[in-house]
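Excluded from the calculations below are hydrogen atoms, water molecules and symmetry mates; all remaining heavy atoms, backbone and side chain alike, are included. Order of appearance sets the numbers: ligands from 1, and atoms from 1 within every ligand. Note that this is a predicted model, so its numbers are computed, not measured.
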Amino acid sequence: MHPTKITFFERFEPIILSGDKTITIRDEAERHYVPGTRVAVHTLETDRWFCDIDIISVTPVRFDELTDEHAQQEFMTLDELKPLIRTIYPGIESLYVIEYRLA
Ligand SMILES: CC(=O)Nc1ccn([C@@H]2O[C@H](CO)[C@@H](O)[C@H]2O)c(=O)n1
């Protein structure tokens, strides 16, 4: 079955709800979201539901291919995004851009 739930760090809730953050970058454990499906969004910390999103695309990207455009879609700078991903996914080069819109 395709996944129907995703978790985000609670601190990103405002920029997800405002529509400013339109992608998330995950490792291969989370590559199985299916374009066109609806997914419930919960906080990682307390598993609180806060919105639904529709998956637009899931695209492989290598860490060293991340660009300013990815950072813009994350609503941050590339200099913020790269260390953040290194912290969440240390040593992982194969990543996936999950593009979504608010349902
Ligand atoms: C369970 C789990 O892994 N949760 C994650 C993983 C990643 N992210 C965010 O996705 C983008 C790129 O990684 C950045 O905005 C990250 O903060 C997140 O919010 N929650």
**Q** Which atoms from ligand 1 have a heavy atom of M76 less than 4.0 Å away?
**A** 15 (O)

**Q** Considering only heavy atoms of L44, which atoms of ligand 1 have at least one such atom less than 4.0 Å away?
**A** 1 (C)

**Q** With atoms numbered from 1 as shown, which atoms in ligand 1 lie under 4.0 angstrom from a non-hydrogen atom of L84?
**A** 14 (C), 16 (C), 17 (O)

**Q** So if I count the atoms of ligand 1 from 1 in the order they appear, which ones are less than 4.0 Å from some heavy atom of K21?
**A** 10 (O), 11 (C), 14 (C), 15 (O)

**Q** Answer whether the closest heavy-atom distance between the side chains of I98 and I55 falls below 4.5 Å.
**A** yes

**Q** Side-chain contact, heavy-atom cut-off 4.5 Å: L66 with I25?
**A** yes

**Q** Nearest protein heavy-atom contact for atom 16 (C) of ligand 1: which residue, which atom, what distance?
**A** I88 CD1, 3.7 Å

**Q** Please confirm whether I85 comes within less than 3.5 Å of ligand 1 when only nitrogen or oxygen atoms on both sides are compared.
**A** no

**Q** Can you check whether K21 reaches F8 side chain to side chain, under 4.5 Å on heavy atoms?
**A** yes

**Q** Taking NZ, NE, NH1 and NH2 as the nitrogens, is one of them in K82 or E65 under 4.0 Å from a carboxylate oxygen of the other?
**A** no

**Q** If hydrophobic clusters are built from ILVMFWY residues whose side chains come within less than 4.5 Å, do V61 and I6 share one?
**A** yes

**Q** Note the single closest protein heavy atom to atom 1 (C) of ligand 1, along with its residue, its atom name and the distance in Å.
**A** T7 OG1, 3.2 Å

**Q** Which residue and non-hydrogen atom of the protein lie closest to atom 13 (O) of ligand 1, and at what distance in Å?
**A** I25 O, 2.7 Å

**Q** Is it the case that one hydrophobic cluster holds both Y96 and V34, taking links as side-chain heavy atoms less than 4.5 Å apart, direct or via other members?
**A** no

**Q** Relative to F75, does R11 satisfy both conditions: NZ or CZ under 6.0 angstrom from the six-membered ring centre, and within 45 degrees of the ring's axis?
**A** no

**Q** Which of the atoms of ligand 1 are close to Y89, meaning less than 4.0 Å from one of its heavy atoms?
**A** 3 (O), 6 (C)

**Q** In the protein, what heavy atom is nearest to atom 8 (N) of ligand 1, and what distance, to one decimal place, separates them?
**A** R26 NH2, 3.7 Å

**Q** Any chance CD of E28 has more than 12 other-residue heavy atoms, nucleotides or ligands included, within less than 6.0 Å?
**A** no

**Q** In the protein, which heavy atom is nearest to atom 19 (O) of ligand 1, and how far is it?
**A** F9 N, 3.0 Å

**Q** What is the closest protein heavy atom to atom 17 (O) of ligand 1, and at what distance does it sit?
**A** F12 CE1, 2.7 Å

**Q** Does any non-hydrogen side-chain atom of F50 lie less than 4.5 Å from one of E10?
**A** no

**Q** Purely on distance, is any nitrogen or oxygen of E74 under 3.5 Å from one on ligand 1?
**A** yes

**Q** What's the shortest distance from atom 10 (O) of ligand 1 to any protein heavy atom, and which residue and atom give it?
**A** T24 OG1, 2.7 Å

